[in-house]
Structure formats: C-alpha cells, structure tokens
Number of protein chains: 2
Amino acid sequence: MSKCEQCIVREFSSLKALNKDELLKIADCKTSYTIKKGETIFVEGENVNGIFCIKDGVCKMSKLSQNGKDQIIKLVSKGELLGQRSMISDEPTNLSAIALEDMEVCFIPKAEIMGFFDNNNQFSMNVMKSICGDLKDADTHTVSMAQKTVKERLAETLIYLETSFGKNEDGSLHIQLSREELAGMIGTATESCIRLLSDFKKLGLIDLSGKKITILNLSKLKKLAE
Amino acid sequence: MSKCEQCIVREFSSLKALNKDELLKIADCKTSYTIKKGETIFVEGENVNGIFCIKDGVCKMSKLSQNGKDQIIKLVSKGELLGQRSMISDEPTNLSAIALEDMEVCFIPKAEIMGFFDNNNQFSMNVMKSICGDLKDADTHTVSMAQKTVKERLAETLIYLETSFGKNEDGSLHIQLSREELAGMIGTATESCIRLLSDFKKLGLIDLSGKKITILNLSKLKKLAE
DNA sequence: CATTAAGTATGACATATATCATATTTTCAT
DNA sequence: ATGAAAATATGATATATGTCATACTTAATG
C-alpha cells in the first residue's frame with residue numbers, strides 16, 4: 001500500500017490541508033485502481049459512498065439527456081477529486097465518469113472523509129472552494145450554451161482543450177476526443193461538429209489528421225469564440 | 001433592530017444551524033433593507049463582502065452575455081441566501097441580483113459568517129449542501145440548454161414557475177416576468193419567446209392576458225417539455 | 001492480409017430559430 | 001385623461017442547425 005504522504009497530486013486538491021496523521025488514516029483505508037481508457041469509474045445514479053482522487057489521466061463527466069445523447073459537463077484530470085458533490089449531498093451521483101485515457105485513481109471511503117469535515121476546517125474550506133469554483137464554471141457554461149452559436153462554442157472548446165490539457169510534441173491536442181464526444185461537449189449533432197471542424201480547417205484555423213486536431217491559428221480562433 | 005431569533009425564514013436556510021448566541025451576534029451586525037421591484041441588490045463583478053438573507057420577495061440572478069443579452073441563471077426567493085459562492089471563493093460576484101418584486105433582505109457581513117464556519121460544523125455542512133444543490137441544478141440545466149429545443153425549454157420553465165412560485169387566486173403565475181426576461185431564462189430571442197407563447201395559447205395550453213400567464217393544461221405542457 | 005465494423009466526411013434537405021420591420025397594445029408620467 | 005414610451009405581437013425572410021442518406025477512411029479482428 002503506497003503512502004498518501006508521498007503522493008504529489010494530493011498537493012493539487014483539497015486534500016493538501018490534511019496533516020500527517022490524517023494522511024496515514026486515508027493511506028490505510030484507500031483503494032488504488034488502474035482504469036483503462038474507455039472504462040467507467042461510476043455511472044449517473046450510482047451510489048458511490050466515497051470520493052476518487054485522480055493520480056493520473058483524464059476522464060469525462062457526462063449526463064445522459066432524454067433524447068439519448070451524452071452531454072459532457074466537464075473534463076477532470078490529475079489532482080482533482082470526483083464524487084464530492086454526491087458525497088456531501090448524500091445522494092446518488094448526478095454524472096457519469098468515464099476514462100478518456102488510462103488512469104490511476106484512489107478511492108477513499110465516505111466515512112473517512114466525513115470525519116475530516118468535523119475536525120479540519122481548512123479541509124472543509126478547500127472542498128467548499130472547489131465546489132464553488134465548479135458552480136461558477138457551470139453558470140458561465142450555461143450562458144455560453146444559451147447565447148453562443150455552435151461555431152463559437154466549438155472554437156471555445158478547442159481553446160479550452162489546448163490551454164487546459166496541453167498538446168503533444170507534434171502540436172496536436174493532447175486530449176483526443178471522438179467527434180461524437182466533442183459534439184457532446186459543445187451540445188450539438190455529431191455531423192454539425194464534423195462539418196464545422198472541416199470549415200475551420202478550410203479557414204486554416206486548425207489541422208485535422210485522423211483523430212488528431214492541431215490548432216494552427218489560436219488568435220483567430222479566439223476571435224471566432226468572441 | 002429586529003431579532004434574528006424570531007425570524008421565521010431563517011429556518012429555511014443554512015442559518016437554521018445557528019444557536020442563540022450566534023443569532024444574537026448576527027442580529028447585532030446585520031442591516032435590513034427594503035428593495036423595490038426592479039432595483040438591484042448587487043451587480044456581477046461587484047465585491048459584496050457578506051451575504052444577503054431574503055426575508056421576503058423574489059429576485060433573479062443573471063449574467064450578461066457577450067452579445068449584450070441578460071441570461072437568467074436562477075430565481076431566488078424567501079428563505080434563501082445570496083452571495084455565498086462569492087464570499088467563500090473570496091471573489092467578486094459572478095451574477096447580478098435584481099428584485100422581481102418588492103423585497104425584504106438582511107445583509108450579514110462576511111467577517112461574522114466566516115467565524116461560524118470555524119465553530120459550527122452543522123452550519124458549514126448546510127452551506128456546502130446548499131451549494132452542492134445549486135451545482136446539481138446547474139449541471140442539469142446545462143443539459144437542458146444543450147439538448148432541448150426552445151419550445152421544450154419554454155414549457156419546462158413555465159412549469160417551473162408554477163411549481164416553485166405558485167399562482168395567484170385567478171390561477172395565473174405568481175411570478176410575473178416580462179417576455180424579455182422569460183426569453184432570458186430559456187436562452188432565446190424575445191420574439192421567439194413571444195411567438196411560442198402565442199402557439200401555446202392557440203393550442204390551449206396556456207392563457208395570456210397582458211403580462212399574466214395562466215397554465216391551462218399542465219399535463220400536456222409536461223409532455224411537451226418531455 | 002482480408003474483412004468488417006466503427007468512425008469520419010459530405011451532400012441534400014427539412015426545420016428551428018434569429019433578425020428586421022412594422023403594427024398593436026399596454027404602461028406610465030405629465 | 002392624453003400622449004409618449006415601452007412592451008407585446010406578428011409577418012417576412014435569412015440563417016443556423018438537425019436529420020437522413022451515403023461515401024469514404026481508419027481502426028480492429030480473425
């Protein structure tokens with residue numbers, strides 16, 4: 001069993017407020033998992049009873065709409081925690097979490113975490129701040145969805161993917177989403193997404209080769225996103 | 001200065017976890033305001049430095065989009081707290097709050113509230129749960145925005161207005177929004193909103209008379225919202 | 001390597017929605 | 001009450017986006 005004390009990603013999450021004793025406690029009760037690309041961490045409606053700490057990799061958080069399409073609400077990566085909202089509300093999860101790359105995650109049972117809320121105010125505060133950040137993002141996202149065109153949202157999303165998750169040596173976006181997933185992020189039909197990508201390519205804004213997307217003209221793309 | 005101890009709305013918010021001493025403290029430092037319909041409580045980007053407790057009335061929380069339209073994110077009414085997110089994140093507000101009816105609100109300075117977080121775990125937990133609820137709503141809302149048609153969203157919104165804020169004696173929706181505001185809630189052009197309302201009226205789903213909207217056939221409206 | 005399935009691309013078309021113009025009604029200040 | 005301004009309503013039209021069909025490309029499997 002690896003020690004949480006020595007885990008670097010801890011520093012990037014609310015868990016950074018935990019002291020030595022507390023870290024030893026969770027090291028004792030946590031479970032580590034390896035999750036392959038495409039595998040599910042949990043599904044919308046499931047009872048999770050704890051939180052997942054992402055040691056490595058990226059996953060998508062999505063929600064099934066009534067018409068059967070998967071709407072991606074956000075992407076979550078190394079250092080972040082999954083399942084906080086559901087744990088605090090004491091409800092089943094609202095979103096599904098599916099790995100976009102191979103992942104390393106640790107599961108910490110609810111009972112352990114809930115104890116920290118009572119005894120470690122800095123930890124509580126960190127969790128609150130993190131959820132508040134999510135809420136702010138969600139509200140901003142709602143406005144985009146409501147007021148921007150699909151083209152603007154696609155541009156915005158491509159920029160977000162590059163700035164938040166970086167690019168490979170060849171300059172292509174590190175996160176590789178299928179066209180369907182990308183459509184699910186911007187909230188449009190897969191064909192519309194493909195069509196607009198082609199348009200962007202014709203305009204010299206991006207390059208496409210297979211699944212790889214490379215941003216060629218970031219500033220123009222930013223203008224397009226307004 | 002009125003006593004917070006005797007204030008009933010307190011029971012509906014996170015403040016219900018406060019004990020007698022704590023209530024006396026806030027009674028001592030709070031400020032009560034009367035806000036007229038249409039007046040602003042705070043504007044997006046403002047530093048609020050505290051929270052507002054709504055004693056009576058309803059307000060809209062909105063955000064200006066780049067194209068100049070006001071997107072209404074949510075409506076907030078009696079018993080709820082405003083400005084929690086901003087206070088916890090220690091950031092300017094993300095949304096504007098504008099009264100839809102005459103309101104009674106109390107302002108409690110940040111310093112006072114922050115103290116409770118350290119000493120009253122139940123209070124912290126209540127605030128966290130309330131923010132988690134907002135986050136869940138926001139995510140659900142994002143999916144509606146992305147995947148539903150304007151017609152479905154309008155139906156959904158009318159139902160929400162009736163179920164959450166009730167109706168007058170004559171059966172009309174108690175909350176009266178202008179067509180522009182309603183359009184801002186569902187994320188569409190004012191003309192489109194007006195047109196769809198006319199359609200709904202022709203279908204016998206609702207009745208319109210001036211600003212008053214009356215739901216005539218709730219079940220059909222629900223089907224339309226899917 | 002061949003075969004199939006999945007993903008990507010594109011065309012044709014239908015539909016939803018935005019925009020602009022204008023008429024009508026309501027609201028409000030004087 | 002009366003006129004002006006704002007809000008609501010409706011038509012005409014342009015545009016964005018969704019849907020269905022089909023071709024092409026890539027990845028996966030035996």
Side-chain angles (χ1 to χ4, degrees), chain A residues 36-38 65-71 100 144-158 172-173 175-203 206-214 224-226, chain B residues 36-38 65-71 100-101 143-158 172-173 175-203 206-214 224-226:
Chain A
K36 293 266 165 208
K37 179 176 175 170
S65 71
Q66 278 140 330
N67 60 41
K69 282 189 188 168
D70 221 36
Q71 177 70 30
L100 290 175
S144 285
M145 282 295 174
Q147 307 278 3
K148 290 191 166 181
T149 64
V150 175
K151 193 184 288 182
E152 288 165 346
R153 268 147 42 203
L154 175 58
E156 196 173 63
T157 301
L158 292 175
S172 63
L173 295 183
I175 292 287
Q176 285 197 11
L177 297 169
S178 69
R179 301 292 192 262
E180 190 178 3
E181 285 171 326
L182 195 51
M185 262 188 99
I186 67 181
T188 189
T190 307
E191 296 94 322
S192 300
C193 174
I194 289 173
R195 233 179 275 276
L196 287 171
L197 283 174
S198 297
D199 290 352
F200 282 7
K201 185 180 177 180
K202 276 170 202 152
L203 291 168
I206 62 172
D207 190 48
L208 300 173
S209 95
K211 215 168 188 166
K212 286 195 174 181
I213 299 176
T214 309
L224 223 162
E226 244 152 319
Chain B
K36 292 267 167 209
K37 178 175 175 172
S65 71
Q66 279 139 331
N67 61 42
K69 283 190 186 167
D70 221 36
Q71 176 69 31
L100 290 175
E101 326 171 318
V143 179
S144 283
M145 282 295 174
Q147 308 277 0
K148 291 193 167 180
T149 63
V150 175
K151 193 183 287 180
E152 287 165 347
R153 270 149 37 204
L154 174 58
E156 196 172 62
T157 301
L158 292 175
S172 63
L173 296 183
I175 292 288
Q176 284 196 13
L177 297 169
S178 68
R179 302 293 191 260
E180 190 178 3
E181 286 171 325
L182 195 51
M185 263 188 99
I186 66 181
T188 190
T190 307
E191 296 95 321
S192 299
C193 174
I194 289 173
R195 232 179 276 275
L196 287 171
L197 283 173
S198 297
D199 291 352
F200 283 7
K201 184 179 178 182
K202 277 171 202 155
L203 291 168
I206 62 172
D207 191 47
L208 299 173
S209 95
K211 216 167 185 166
K212 286 195 176 182
I213 300 176
T214 309
L224 223 162
E226 243 150 317

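Just so it is clear, the structure is predicted and the values come from calculations on it, not from any experiment. Numbered from 1 within each chain, the chains take letters A, B, ... in sequence-line order.
The distance from atom NZ of A:Lys148 to atom C1' of D:dA16 is 17 Å, rounded to the nearest whole Å. Between B:Lys201 atom NZ and C:dT25 atom C1' the separation is 12 Å, expressed in whole Å. One can place CD of A:Glu152 at 11 Å from P of D:dA16, the figure rounded to the nearest angstrom. Rounding to whole angstrom units, CD1 of residue A:Ile186 and C1' of D:dA16 are separated by 13 Å. The separation between B:Lys69 atom NZ and C:dT17 atom C1' is 10 Å, rounded to whole Å. Taking atom CD on A:Glu191 and atom C1' on C:dA12, their separation rounds to 13 Å, with Å as the unit. Separating the CD1 atom of B:Ile206 from the C1' atom of D:dT8 is a distance of 13 Å, rounded to the nearest angstrom. Here D:dA16 presents its C1' atom at 9 Å from CG of A:Leu196, a figure rounded to the nearest Å.
A:Ser65 contributes a side-chain N or O that, together with a main-chain N or O of A:Lys69, makes up a donor-acceptor pair within less than 3.5 Å. Within the 3.5 Å criterion, the main-chain N or O of B:Cys193 finds no donor-acceptor partner in the side chain of B:Arg179. With hydrogens and angles disregarded, no donor-acceptor distance shorter than 3.5 Å links the side chain of A:Asp70 to the backbone of A:Gly184. Side-chain atoms of A:Ser209 never come within 3.5 Å of backbone atoms of A:Lys212 as a donor-acceptor pair (strictly under, hydrogens ignored). A distance-only check finds no donor-acceptor pair linking the side chain of A:Lys151 to the backbone of A:Leu196 [under 3.5 Å].
In this structure, CD on B:Gln176 lies 8.5 Å from CD1 on B:Ile213, to the nearest 0.5 angstrom.
Between A:Ser192 and D:dA16 there is no side-chain N or O to OP1 or OP2 distance below 4.0 Å.
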Evaluate B:Leu197 against B:Leu158 for side-chain contact (heavy atoms from CB on, under 4.5 Å), listing each step before the verdict.
CA-CA 10 Å; B:Leu197 283 173; B:Leu158 292 175; 4.3 Å; yes

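Open room surrounds NZ on B:Lys37; 12 or fewer heavy atoms of other groups in view lie less than 6.0 Å from it. By the 6.0 Å contact criterion, CD on B:Glu180 is open, its count of non-hydrogen atoms from other residues, nucleotides or ligands being 12 or less.
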Write down the protein N/O and nucleotide N/O pairs, taken from nucleotides 12-15 of chain D, whose separation is under 3.5 Å; answer none if there are no such pairs.
residue, atom, partner, partner atom, Å
D:dA12, N6, B:Arg195, NH2, 3.4

So which protein nitrogen or oxygen atoms get under 3.5 Å of nucleotides 5-8 of chain C's nitrogens or oxygens?
residue, atom, partner, partner atom, Å
C:dT8, OP2, A:Arg179, N, 3.1

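For B:Leu208, counting side-chain heavy atoms from C-beta on, the closest listed nucleotide (D:dT19, D:dA9, C:dT17) is D:dA9. The nucleotide whose nearest atom lies closest to any side-chain atom of A:Ser198 is, among C:dT19, D:dT17, C:dT10, C:dT10.
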